[in-house]
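Worksheet: the structure to be examined is printed underneath.
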Amino acid sequence: MKQLYTFIRKEFAHVLRDRKTLLILFGLPIVQILIFGFALTNEVRNAKIVIYDQAQDVASQQLISKIEASRYFDIAYAVMDRSGIDAAFKKGDIRLAVIFPQGFNNDLLHTHHAQIQIIADGAGPNTATTLTSYITSIIQDYMAAQEPFQISPQIRYLYNPQLKGAPNFVPGVMSLVLMLVCVMMTAVSIVREKETGTMEVLLVSPFSPLMVIISKAIPYLLLSLINVTTILLLSTFVLKLPINGSIPLLFAESTLFIITCLTLGIFISVKTSSQQVAMLISLMGMMLPTILFSGFMFPVENMPLPLQLISNIVPSKWYYNIVKAIMIKGLGFSAVWKETLILAGITVVLLFVSFKSFKIRLS
C-alpha cells in the first residue's frame with residue numbers, strides 16, 4: 001500500500017510540474033466548453049439584409065419596422081434598384097433581400113392580398129432556410145394583426161436554388177482538409193528531425209536553414225495541390241457541383257492558402273520539441289477553429305464580438321469565403337482581393353515570427 005501511495009504521489013508530482021499537461025487537462029476542456037457554448041447554435045441572429053421598398057406606403061413601412069425590431073435581422077441599408085441587391089450579394093455584405101412591390105398597401109386594402117419577394121443567399125443553405133423561415137414568421141405575425149389581409153412571400157435562393165448541401169460542404173471540406181494536412185504534416189516532419197538529431201546535421205550542411213525548411217515544405221505543397229484537384233474532380237463529376245468561376249484563380253488562391261498552412265506548421269514545429277505535442281496542437285488547435293470560426297458549420301455573426309474578432313485570424317475563414325465566391329458564385333478576383341490580402345498578411349507575419357524564432361534557437 002505504501003508503494004502504491006508513493007507511485008500515486010509521484011504521478012501527481014509529474015503532472016503538476018508539467019505545464020503543458022496541465023494546460024491540456026484543464027485549459028482545453030474549458031476553452032472547448034466556452035467556444036461551443038457560444039458558437040454551437042442553429043439560431044441566426046443579426047443577419048444583414050437590405051430592403052428594396054418600391055411601395056413607400058404605410059403597410060410597407062409598418063412591416064419594415066417589425067423586421068427592423070427583430071433581433072434576427074440587421075438592415076444594412078436600403079437599395080433603390082435591383083442592381084444594388086445583386087451587388088450586395090456578390091460582395092457578401094448581406095444574407096437576405098426583401099422587395100416590396102409598388103402598390104403594396106393598395107393591394108392589401110382593395111384585394112386583401114399582396115406579395116413580397118424574398119431573395120436569400122443559397123450558398124449557405126442552412127442559414128438561408130433559417131432566415132427565410134424567420135422572415136415568413138414576421139410576415140405571418142403582421143397578417144394576424146391586420147386581418148383579413150394576406151401576404152404571400154415569394155422566396156428565391158441565389159446560387160443554390162435547390163438548397164443542396166454540396167455548395168456549402170465542398171468549400172468547408174477543402175478548408176478543413178488542407179488546414180489539417182498541411183499544418184500537421186509540416187510540423188511533425190520538422191520536429192521528427194529535431195527528435196532524431198538529424199536537424200543539426202542538416203543545419204551544418206552547405207544548405208542554409210531557410211533552404212532546409214523550404215525543401216521540406218515543397219513536397220507537401222505539391223501533395224496538397226493534388227488534394228485540391230481530387231476534391232474539385234469529385235465535386236464536379238460525383239456531386240454534380242460545377243465550378244462557376246475561374247479555375248486558375250481558384251488554384252492560385254488554394255496555393256496561397258496552402259503556403260499559409262505550411263507556414264503555420266513551420267511555426268508550430270519551431271515552438272515544439274516532440275512529435276506528440278506538434279501533432280496535438282496541429283490536430284486540435286487547427287480542427288476546432290476551422291469548424292467553429294470559418295463559417296462552415298456555424299454562422300460567425302451568431303457569436304459574441306470577441307469571438308468574431310478571433311475568427312479574423314483564422315486563415316480557413318478567408319479561404320472558405322474565397323472558394324464560395326469563386327466556385328459557387330462565379331465571381332472574379334475583384335470580389336476576393338480583400339481576403340487574398342488578409343491571407344497573404346497572415347503568411348508574412350507567420351514567416352517572420354517563425355524564422356526569427358528559428359534563428360534564436362540556432363544562436
Side-chain angles (χ1 to χ4, degrees), residues 170-194 198-199 202-203 205 207-236 243 245-272 275 278-279 281-283 285-287 289-290 294 296 313-323 325-327 333 336-337 339-359:
V170 171
V173 168
M174 290 177 66
S175 303
L176 184 60
V177 168
L178 293 178
M179 174 65 78
L180 292 180
V181 171
C182 296
V183 174
M184 185 167 59
M185 292 298 100
T186 309
V188 171
S189 66
I190 296 178
V191 171
R192 188 186 303 118
E193 299 287 354
K194 292 194 293 186
T198 54
M199 179 60 78
L202 292 173
L203 293 177
S205 66
F207 280 174
S208 66
L210 177 62
M211 295 303 297
V212 171
I213 294 179
I214 290 177
S215 64
K216 282 191 160 294
I218 286 178
Y220 296 108
L221 171 61
L222 299 177
L223 291 174
S224 298
L225 287 174
I226 294 175
N227 277 334
V228 173
T229 305
T230 303
I231 294 173
L232 293 179
L233 289 175
L234 288 174
S235 65
T236 302
I243 302 174
S246 169
I247 295 179
L249 177 60
L250 183 58
F251 270 93
E253 297 288 352
S254 299
T255 303
L256 174 60
F257 179 65
I258 291 169
I259 293 173
T260 305
C261 296
L262 294 176
T263 308
L264 187 55
I266 293 171
F267 174 75
I268 294 173
S269 68
V270 171
K271 295 295 184 179
T272 56
Q275 296 183 59
M279 185 173 295
I281 294 176
S282 302
L283 185 61
M286 298 301 108
M287 183 173 66
T290 299
S294 65
F296 166 40
I313 64 175
V314 178
S316 51
K317 170 188 175 180
W318 306 110
Y319 180 66
Y320 174 69
N321 292 337
I322 289 172
V323 175
I326 298 174
M327 188 174 179
F333 181 74
V336 298
W337 67 270
E339 289 85 353
T340 304
L341 285 180
I342 292 173
L343 273 182
I346 294 174
T347 306
V348 171
V349 171
L350 287 173
L351 276 174
F352 176 77
V353 175
S354 298
F355 285 111
K356 187 175 180 180
S357 302
F358 193 64
K359 286 182 179 180

May I have the list of side-chain donor-acceptor pairs in residues 227-235 shorter than 3.5 Å, sequence neighbours left out?
{"residue": "T229", "atom": "OG1", "partner": "L225", "partner atom": "O", "Å": "2.9"}
{"residue": "T230", "atom": "OG1", "partner": "I226", "partner atom": "O", "Å": "2.9"}
{"residue": "S235", "atom": "OG", "partner": "I231", "partner atom": "O", "Å": "3.2"}
{"residue": "S235", "atom": "OG", "partner": "L232", "partner atom": "O", "Å": "2.8"}

Output the distance between atom [atom1] ([X]) and atom [atom2] ([Y]), rounded to the nearest 0.5 Å.
X	Y	atom1	atom2	result
I268	M286	CD1	CE	4.5 Å
T236	I247	OG1	CD1	7.0 Å
L256	L341	CG	CG	9.5 Å
T186	L262	OG1	CG	4.0 Å
L351	I266	CG	CD1	6.5 Å
I322	W318	CD1	CH2	9.5 Å

For [X] and [Y], which heavy atoms make the closest approach, and how far apart are they?
X	Y	value
Y319	S254	OH-OG, 2.7 Å
V314	P289	CG1-O, 4.0 Å
L178	S224	CD2-O, 3.8 Å
L343	P315	CD2-O, 3.6 Å
P171	V323	CB-CG1, 3.6 Å

Residue pair [X] / [Y], side-chain heavy-atom distance below 4.5 Å:
X	Y	value
C182	Y220	no
F267	T263	no
K271	I281	no
S316	F257	yes

